[in-house]
Structures are given as structure tokens and as C-alpha cells.
Amino acid sequence: LGTAANSILVGFVLINLGFFVFNMIPIPPLDGSRLLYAIAPDGLADLMDRFETTGLIGVFFVFFLFFSFLQPVLSGIINALATLLLGRSVL
């Protein structure tokens, strides 16, 4: 593949990995919270149920509130997964 096509494909991989990692954050209503529900005590599960009613607005609020903490963690996870899949670091 040419350099431009390679860059486009790597971009698609990174975007999809970003969506995957973001969706696996254990905050309701994201899919990662389903894993947390399985092991959470009743009090935390009740709190998560109440938080889930805020929907995506609550997720974005938490994400923007803790962006400076989450960004390096999520970037590291995405880079590790990209390195595993592509065989080289891309970020």
C-alpha cells in the first residue's frame, strides 16, 4: 500500500480503538459499566442506576471534568492496543 493509504488505514484503526476504549470506561450507560455492575456492592449499584438515568450527558460531564486525568490513561491504552495490533507504536 502507498503511504497515504497506509496513513488512512492506521487512522481508521486508531479511531475505532478510541471508540472501543471510551466505550469500555466503567461509567453508566457505557458498556464498561456492565462489568462493574457484576461486581459492585448494592450501594454502588444503586448509585450507578441513578447516574445511568442522566445518560450520555452525564458521561460527557464526567469525561470533561476529569479529562486531564483520563486523557493520558486512555491514550496509553489506545497506543498499547495499536502497538499490539499493528506491530508498531503510532501515537
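All values below come from the heavy atoms of this structure, side chains included, with hydrogens, waters and symmetry mates left out. Numbers here simply count residues along the sequence, with the first being 1.
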Point-to-point distance, once rounded to the nearest 0.5 Å, from [atom1] of [X] to [atom2] of [Y]:
{"X": "Glu52", "Y": "Leu47", "atom1": "CD", "atom2": "CG", "answer": "11.5 Å"}
{"X": "Asp49", "Y": "Asp42", "atom1": "CG", "atom2": "CG", "answer": "10.5 Å"}
{"X": "Ile77", "Y": "Ile25", "atom1": "CD1", "atom2": "CD1", "answer": "8.5 Å"}

Return yes when atom OH of Tyr37 has more than 12 non-hydrogen atoms of other residues, nucleotides or ligands closer than 6.0 Å, and no otherwise. yes
CG (Asn23) with more than 12 external heavy atoms under 6.0 Å: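 Yes, CG of Asn23 has more than 12 neighbouring heavy atoms, counting only those of other groups under 6.0 Å.
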At their closest point, which heavy atom of [X] faces which heavy atom of [Y], and how far apart are they?
{"X": "Ala45", "Y": "Ala40", "value": "N-CB, 4.3 Å"}
{"X": "Gly18", "Y": "Ile78", "value": "CA-CD1, 3.6 Å"}
{"X": "Leu14", "Y": "Ala82", "value": "CD2-CB, 3.9 Å"}

If Ile, Leu, Val, Met, Phe, Trp and Tyr residues are connected whenever their side-chain heavy atoms lie under 4.5 Å apart, and connections chain through other members, are [X] and [Y] in the same group?
{"X": "Leu36", "Y": "Leu30", "result": "no"}
{"X": "Val10", "Y": "Val21", "result": "yes"}
{"X": "Leu85", "Y": "Met24", "result": "yes"}
{"X": "Ile27", "Y": "Met48", "result": "no"}

Members other than Ile15 in its cluster, when Ile, Leu, Val, Met, Phe, Trp, Tyr link by side-chain heavy atoms under 4.5 Å?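 Ile15 clusters with Phe19.
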Distance-only donor-acceptor hits, side chain of residues 57-75, under 3.5 Å, sequence neighbours excluded:
| residue | atom | partner | partner atom | Å |
| --- | --- | --- | --- | --- |
| Gln71 | NE2 | Ser75 | OG | 3.1 |
| Ser75 | OG | Gln71 | O | 3.0 |

Using a 3.5 Å distance criterion without hydrogens, assess whether the side chain of Ser33 forms a donor-acceptor pair with backbone atoms of Pro29.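 Answer holds: no.
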